[in-house]
Number of protein chains: 2
Amino acid sequence: MDVKALCLGVLAKGPATGYEIKKLIQDGPYQHFIEASFGSIYPSLSRLAAEGLIEARTEPLEGRPDKKIYSLTPQGREAFRSILSRDPPEDKFRSGFLFQMMFADALGPEEKTAKIEGKLAEYRARHARMVEKRTSQPLSEGELFCLGFGESLVTAAIAYLDSHARRSAAPAPSPAPARRVRAGTAR
Amino acid sequence: MDVKALCLGVLAKGPATGYEIKKLIQDGPYQHFIEASFGSIYPSLSRLAAEGLIEARTEPLEGRPDKKIYSLTPQGREAFRSILSRDPPEDKFRSGFLFQMMFADALGPEEKTAKIEGKLAEYRARHARMVEKRTSQPLSEGELFCLGFGESLVTAAIAYLDSHARRSAAPAPSPAPARRVRAGTAR
DNA sequence: TGTTTCATGTAAACCGTTACATGATTCA
DNA sequence: TGAATCATGTAACGGTTTACATGAAACA
């Protein structure tokens, strides 16, 4: 889901400026699933406006750029509905940590345990933030669903890492001989 | 972790061609955590070679391009070790499905349930593939760790979606009034 | 006094995907 | 006969980040 779709989604809930969209993404209920910078939000809004999917009401301000409060046009609402009903792309979990663990035999066992414990702390902090988000303010059904999903995954990650933080101090069972994989076919 | 780091990692386990790296990524134990296309792998290998981190032994073939079997140089091994010991970037879960659920109030309840059930099927299939990978061939410690982590997350996702596939048929409890979020600060 | 908040935007750089080009061999 | 396998690479395109530019007001 690209930044254009994201903007459309936020605006479907109510008018907002580019600045507010950024805020919502990084501090609001979206923070755990999405990120976007000004450098992609502002151009996206311009393009959406050029396509007639959103429109801006400009509010002059002194000492800083005019505030542009965007809202969906009927065509924009229609376009967003179409995005929602499409088949979404596959979910992706990208983890630099897992990458490092994949090749961790090149690392010392203490270094490895330290990394696992670091990630564990990170996930616990993330979990706390999610619980805080969920309980500190009333959320829509969709937001609850997403936060609940996120909490489930984070909880599973914590359990897994916790059970491995202790285990990993032990030496590896076998020296893992060199191995070339014979897998399927490249496309 | 970018494609260059990925290539370095694969080559740290043993020499390989670009074609084989692609195969390993999409069918081997990496398949659930990473993806990369030829369009990024070949240029990455060229750049790594230019930087002296890998070197190629060329094997002439008839009827198709010469095979270039890459292996790590000592500098490459050092560079990879340095990548491994760095603090990894934050883990990211990107989900078009969750995005759609976030705004699913604009969707009919049957459509929503159908989407949840579709994702459920996808995750069950993914889980089966992971179990198959884990049991069908001997894996290194790192690969087991990663697959185990992945299985934990996928299992949690399945449990969550399963418990919500039934619930979501019920009507929403409250009409969810319009709400503007007052969150922290944009950077 | 210095940092954070509000507010928008552009330009360069980066990284990656998709599509294309080539072509023999093996499998169904 | 047609698809898949092996094998490398380039070009065009797309999307995003990072850094920069501007500047007042409020807060600590």
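So you know, we letter chains A, B, ... as the sequences are listed, proteins then strands, and number each from 1.
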**Student:** Are OP1 or OP2 of C:dT8 and a side-chain N or O of A:Y19 less than 4.0 angstrom apart?
**Tutor:**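 A:Y19 to C:dT8 OP1/OP2: no side-chain N or O under 4.0 Å.
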**Student:** Mapping B:R64 and B:K68 to their closest nucleotides on DNA chain D, which lands nearer the 5' end?
**Tutor:**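 Looking at DNA chain D, the more 5' nearest nucleotide goes with B:R64.
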**Student:** What integer distance in Å separates A:I34:CD1 from D:dG15:C1'?
**Tutor:**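 It is 15 Å, rounded to the nearest whole Å.
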**Student:** Given the rule in the side chain to side chain contact (heavy atoms under 4.5 Å, CB included) test, do A:L161 and B:F145 qualify, once you have shown the distances and angles that lead to the verdict?
**Tutor:** CA-CA 10 Å; A:L161 294 181; B:F145 183 92; 3.8 Å; yes
**Student:** Could you check B:F33 against A:S95 for side chain to side chain contact (heavy atoms under 4.5 Å, CB included), going step by step and ending with a plain yes or no?
**Tutor:** CA-CA 7 Å; B:F33 315 108; A:S95 170; over 6 Å; no
**Student:** Checking B:T58 against B:I69 for the side chain to side chain contact (heavy atoms under 4.5 Å, CB included) test, could you report, in this order, the C-alpha distance in whole Å, the side-chain angles of both residues, the deciding distance, and whether it holds?
**Tutor:** CA-CA 6 Å; B:T58 301; B:I69 302 158; over 6 Å; no
**Student:** So that I can tick it off, tell me whether B:K23 and B:E20 are bridged by a salt bridge, with the cut-off set at under 4.0 angstrom between side-chain N and carboxylate O.
**Tutor:**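 A salt bridge is absent here (no side-chain N lies under 4.0 Å from a carboxylate O).
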**Student:** Once you measure the plane-to-plane angle for A:F38 and A:Y19, does it fall in the parallel (<30°), tilted (30-60°) or perpendicular (>60°) bin?
**Tutor:**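 Ring orientation of A:F38 relative to A:Y19: parallel.
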**Student:** Can you tell me how far P of D:dA25 sits from NZ of A:K67, to the nearest Å?
**Tutor:**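 In whole Å, D:dA25 P and A:K67 NZ are 16 Å from each other.
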**Student:** Yes or no on side-chain hydrogen bond (donor to acceptor under 3.5 Å, both in side chains) for B:R81 and B:S85, after CA distance, side-chain angles and deciding distance?
**Tutor:** CA-CA 6 Å; B:R81 179 178 292 277; B:S85 59; over 6 Å; no
**Student:** According to a 4.5 Å side-chain heavy-atom criterion applied to Ile, Leu, Val, Met, Phe, Trp and Tyr, with indirect links allowed, do B:L153 and B:L144 form part of one hydrophobic cluster?
**Tutor:**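 Yes: a chain of side-chain contacts under 4.5 Å links B:L153 to B:L144.
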**Student:** Determine whether more than 12 heavy atoms belonging to other residues, nucleotides or ligands lie under 6.0 Å from atom CZ of B:R94.
**Tutor:**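 Yes, CZ of B:R94 has more than 12 neighbouring heavy atoms, counting only those of other groups under 6.0 Å.
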**Student:** Might you list the N or O atoms of the protein lying below 3.5 Å from N or O atoms in nucleotides 15-18 of chain C, with each pair's distance?
**Tutor:**
| unit_1 | atom_1 | unit_2 | atom_2 | d |
| --- | --- | --- | --- | --- |
| C:dG16 | OP1 | B:V3 | N | 3.4 |
| C:dT17 | OP2 | B:S37 | N | 3.3 |
| C:dT17 | OP2 | B:S37 | OG | 2.9 |
| C:dT17 | OP2 | B:S40 | OG | 3.0 |

**Student:** For A:R57 and C:dT8, what is the distance between atoms CZ and P respectively, to the nearest whole Å?
**Tutor:**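 Rounded to whole Å, this separation is 12 Å.
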**Student:** Decide if atom CZ of A:R129 counts as having more than 12 heavy atoms of other residues, nucleotides or ligands within a radius under 6.0 Å.
**Tutor:**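 Counting other residues, nucleotides and ligands, CZ of A:R129 exceeds 12 neighbours.
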**Student:** For the side chain to side chain donor-acceptor pair (under 3.5 Å) test, which of A:K112, A:K115, A:E111 pairs with A:Q100?
**Tutor:**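 Exactly one pass, corresponding to A:K115.
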**Student:** Report which part of the nucleic acid A:S46 touches: base, sugar-phosphate, or nothing (heavy-atom distance under 4.0 Å, all strands).
**Tutor:**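 Counting heavy atoms under 4.0 Å across all strands, no contact is made by A:S46.
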**Student:** So for the helix from C:dT1-D:dA28 to C:dA28-D:dT1, with five pairs setting each end axis, what is the inter-axis angle to 10°?
**Tutor:**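 One end axis against the other gives 50°.
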**Student:** Using atom CD of A:E59 as one end and atom P of C:dC6 as the other, report the distance to the nearest whole Å.
**Tutor:**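 Going from A:E59 (CD) to C:dC6 (P), I get 15 Å.
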**Student:** In terms of ring plane angle, is the pair B:F103 and A:F80 parallel, tilted or perpendicular, where the classes change at 30° and 60°?
**Tutor:**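 If you compare the ring of B:F103 with that of A:F80, the planes turn out perpendicular.
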**Student:** Can you check the B:I69 CD1 to D:dC6 C1' distance for me, whole Å?
**Tutor:**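 Interatomic distance, CD1 of B:I69 to C1' of D:dC6: 13 Å.
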**Student:** D:dC6 C1' sits how many Å from B:D27 CG, rounded?
**Tutor:**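 From B:D27 CG to D:dC6 C1': 14 Å.
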**Student:** Scan nucleotides 26-28 of chain C against the protein and return all N/O pairs shorter than 3.5 Å with their distances rounded to 0.1 Å.
**Tutor:**
none

**Student:** How many whole angstroms separate atom CG of A:L6 from atom C1' of D:dG15?
**Tutor:**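 The answer, rounded to whole Å, is 14 Å.
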**Student:** Which whole-number value in Å describes the distance from A:I25 CD1 to D:dT17 C1'?
**Tutor:**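 In whole Å, D:dT17 C1' and A:I25 CD1 are 14 Å from each other.
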